[in-house]
Amino acid sequence: GSLFVHLPRLPRSATGALLAEALARGVRIRSAERFHRMPPDHVTLVLSYAGVSEASLKRAGARLAEAYLAVEKAPAVNETRRAFGLSPSP
């Protein structure tokens, strides 16, 4: 199966950085932008989990969380958040 995930705290411009950070940690994910008629202004992902063990999913989830945090704290993301009137990440 697959799961669509919306990450409203990350601007859509951070999608490439998140994909790269996740891949560097051994997690392959895809952007869900192509599934939207009008893509939202934030990151959307497709997570495929068919045939993946529960233990592997837990490890991938932890690694994806690390990738998310690395991207969320990046200066460029915080500049974009400020531009949209949102507070920067701590």
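Source: prediction; values computed, not measured.
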* So do V5 and V43 actually touch side chain to side chain, heavy atoms under 4.5 Å? ->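 A side-chain contact is absent here, since even the closest heavy-atom pair is not under 4.5 Å.
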* To do: Check whether any side-chain heavy atom of L69 sits under 4.5 Å from a side-chain heavy atom of E72, and report yes or no.
  =>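 SC-SC contact between L69 and E72 confirmed.
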* **Parallel, tilted or perpendicular: ring planes of H6 versus H36, cut at 30 and 60 degrees** =>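 Ring orientation of H6 relative to H36: perpendicular.
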* Asked: So if you build clusters from Ile, Leu, Val, Met, Phe, Trp, Tyr with side-chain heavy-atom gaps below 4.5 Å, do Y49 and L45 land together?
  ->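 Looking at the clustering, L45 is in the same group as Y49.
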* Asked: Any chain of hydrophobic side-chain contacts (each under 4.5 Å) joining I29 to F35?
  -> no
* **Of T15, L7, L18, the residue whose pairing with V71 passes side-chain contact (heavy atoms from CB on, under 4.5 Å)** =>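 Among T15, L7, L18, the one that satisfies the side-chain contact (heavy atoms from CB on, under 4.5 Å) with V71 is L18.
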Nearest heavy atoms of [X] and [Y], plus distance in Å:
X   : Y   : result
R25 : A67 : NE-N, 3.7 Å
G1  : A50 : N-CB, 3.3 Å
P39 : R12 : CB-NH1, 3.4 Å

* Asked: Between CE of M38 and CD of E33, what distance do you get to the nearest 0.5 Å?
  -> 12.5 Å
